[in-house]
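These notes concern the structure reproduced below.
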Amino acid sequence: MTRAKVGAVVLVAIIVQRVFLDGVHLGGSHLDLMLLLPIAAGVAAGSETGAVVGFVAGAVADLFLPTPFGLSALTFSLLGFAVGSVQEGLLRAAWWITPVTAFVSSAVGVVLFALIGAVVGQAHFVRPALLGIAFVVALGNAALALPVVRVVTWALARSGPAAAYAR
Amino acid sequence: MAVYRRTSRPRFTLLLLILTSVTLLTLSQRGSTSGVIGAVRSGARDIFAPVQRVVTSATRPVGDFFAGAVHYGDLKKENGRLRQQLNEEQGKVLQATDAERERKALLDQQNLAYLGDIPTVSARVVDASASNFQQTIEIDQGRSSGVAKDMPVVSGAGLVGRVIEVSRTRAVVLLITDPTSAVGVRLTGSGDVGVGSGEGQRNPLSVDLIASATVVKKGETVVTSGLQQSVFPPSIPVGKVRTIKKVPSALLQDITIDPVVDLKRLTFVKVVQWSPSK
């Protein structure tokens, strides 16, 4: 059931990304909802789930991108894992930590994507405009972070006897 | 708040995911778009096409509202520019003595006179650049309409780019402003040839290999050179010269050109069914 819900969330996210967000440019860049999914999963459920959701979301995003296949999957996996690891170290989370985490980790994610891209032959990803792209994506994801984390938390919530034992 | 247990399993999972991603990257780099990865991507585009069409038509008013809100400043400027252009055109029409000649000129433009008798496929732009790192558009025609990889794409004004990925019903076009795009160009004044390279979405194209002795005028039209094995047929307008910078004692001069096509507001384009061997 959890897998189906996560699959549905990823599917809706890619539709929203392609139909709405790809066409809305701010300063020459558009928002990246797919990048927010592993961050939300890391916040909601820790490093392992963050990495797995990152891989799935990245692979789906890669299907529609002109960039090398696997680049988003790799970046998002690392990002989901990192966000989850940091989140696991926090004892108490104030509401504003989530948008701040989304802002910082989105900016890091964009730069990481460009750097790994440069390593696999896309040297033009690393250029002055990179900082502008990172800022726009970070700002957009910070704004979307709270509702997206709620949706991802719902998708990752386990139900039934297994969940009762886990508690 | 959730309570996490620290074990080595997350690291093992991450390692597996990294290895899988690197394998996919390697396959992607080796097989380019013709291998398994290309087939999967192509299939995904075809499956997604009807979903995108339905969602877009159902939610267009909402999308237009948000796009209008975000681009309000641009739209206001564009509106002013168009009003000014309209006034100028109205003045021209009033002064025109030969209405038939103007009508014919407009028809010639519609028929893309610079392409001669090369067949074209009309297409609608269905998606803007999917990546923040590459300047591309997606069009609603693919293999089933005769579109193939590397075919040039034009609009009424001139060159837009070339097809880099194609599925049965969709194709991805790399715009001439993309940093990986290079176009063989010719200056219409001197006839000198060079290479026009993309410098990103908001920047003009840079033109290399123009000798410093060549006389270049600001506003001069630059067209495709169409030299042997060029991806583009000759004489398609590419841009107009924006800046000319001559460095003393240098053999070449630095030239930038503005694309003649407004690449940010493409709605319809034509795919030119042309290959370098023709």
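These values consider heavy atoms only, across backbone and side chains, with no hydrogens, waters or symmetry-generated copies. The sequence lines fix the lettering, A, B, ..., with proteins before strands; numbering per chain opens at 1. Remember, it's a predicted structure, so these values are computed and weren't measured experimentally.
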Fill in: Best-contacting candidate, B:Ala44, B:Gly200, B:Ala128, against chain A by heavy atom pairs under 4.5 angstrom
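Option with the top pair count is B:Ala44.
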Worksheet entry | Partner chain A: residue of B:Lys264, B:Arg45, B:Gln135 with the largest heavy-atom pair count (under 4.5 Å) |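 The option with the most such pairs is B:Arg45.
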Where do [X] and [Y] come nearest, in terms of heavy atoms and distance?
| X | Y | value |
| --- | --- | --- |
| B:Pro179 | A:Arg127 | CG-NH1, 4.3 Å |
| B:Pro10 | A:Ser47 | CB-OG, 3.6 Å |
| A:Asp22 | B:Ala130 | OD2-CA, 3.7 Å |
| B:Ser21 | A:Ala73 | OG-C, 3.8 Å |
| A:Ser77 | B:Leu17 | OG-CB, 4.1 Å |
| B:Leu14 | A:Ala51 | CD1-CB, 4.0 Å |

Practice prompt. Measure B:Thr136 against the heavy atoms of chain A and call it side chain, backbone, both or neither at under 4.5 Å.
Written response: side chain
Discussion item. Non-hydrogen contacts under 4.5 angstrom with chain A: give the residues of residues 46-54 of chain B involved, or none if there are none.
Written reply: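 Listed by number, the contacting residues are B:Phe48, B:Val51, B:Gln52.
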Worksheet item: Atom OG1 of B:Thr26 and atom CZ of A:Phe69: how far apart are they, to the nearest 0.5 Å?
Response: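 The CZ atom of A:Phe69 is 12.5 Å from OG1 of B:Thr26, to the nearest 0.5 Å.
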Practice prompt. Write out, in numerical order, the residues from residues 145-154 of chain A with a heavy atom short of 4.5 Å from a heavy atom in chain B.
Written response: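 Near chain B, by residue number: none.
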Discussion item. Using a 4.5 Å heavy-atom cutoff, which residues in residues 114-122 of chain A come close to chain B?
Written reply: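 Near chain B, by residue number: A:Ala114, A:Val120, A:Gln122.
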What part of [X] gets within 4.5 angstrom of chain B, counting heavy atoms only: side chain, backbone, both, or neither?
| X | result |
| --- | --- |
| A:Leu65 | both |
| A:Val137 | side chain |
| A:Phe55 | side chain |
| A:Leu21 | neither |

Discussion item. Test your reading of the model: is there a side-chain donor-acceptor pair from B:Arg41 to the backbone of A:Pro66, 3.5 Å cut-off?
Written reply: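 No: the side chain of B:Arg41 does not pair with the backbone of A:Pro66.
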Worksheet item: Do the side chains of A:Val110 and B:Asn132 get nearer than 4.5 Å, heavy atoms only?
Response: no
Worksheet item: What ring-ring contact (aromatic ring centres under 6.0 Å, His included) pairs are there with at least one residue in residues 97-144 of chain A, not counting sequence neighbours?
Response: A:Phe113-A:Phe125, A:Phe113-B:Phe133, A:Phe125-B:Phe133
Worksheet entry | CZ/B:Arg265: more than 12 non-hydrogen atoms of other groups inside 6.0 Å | yes
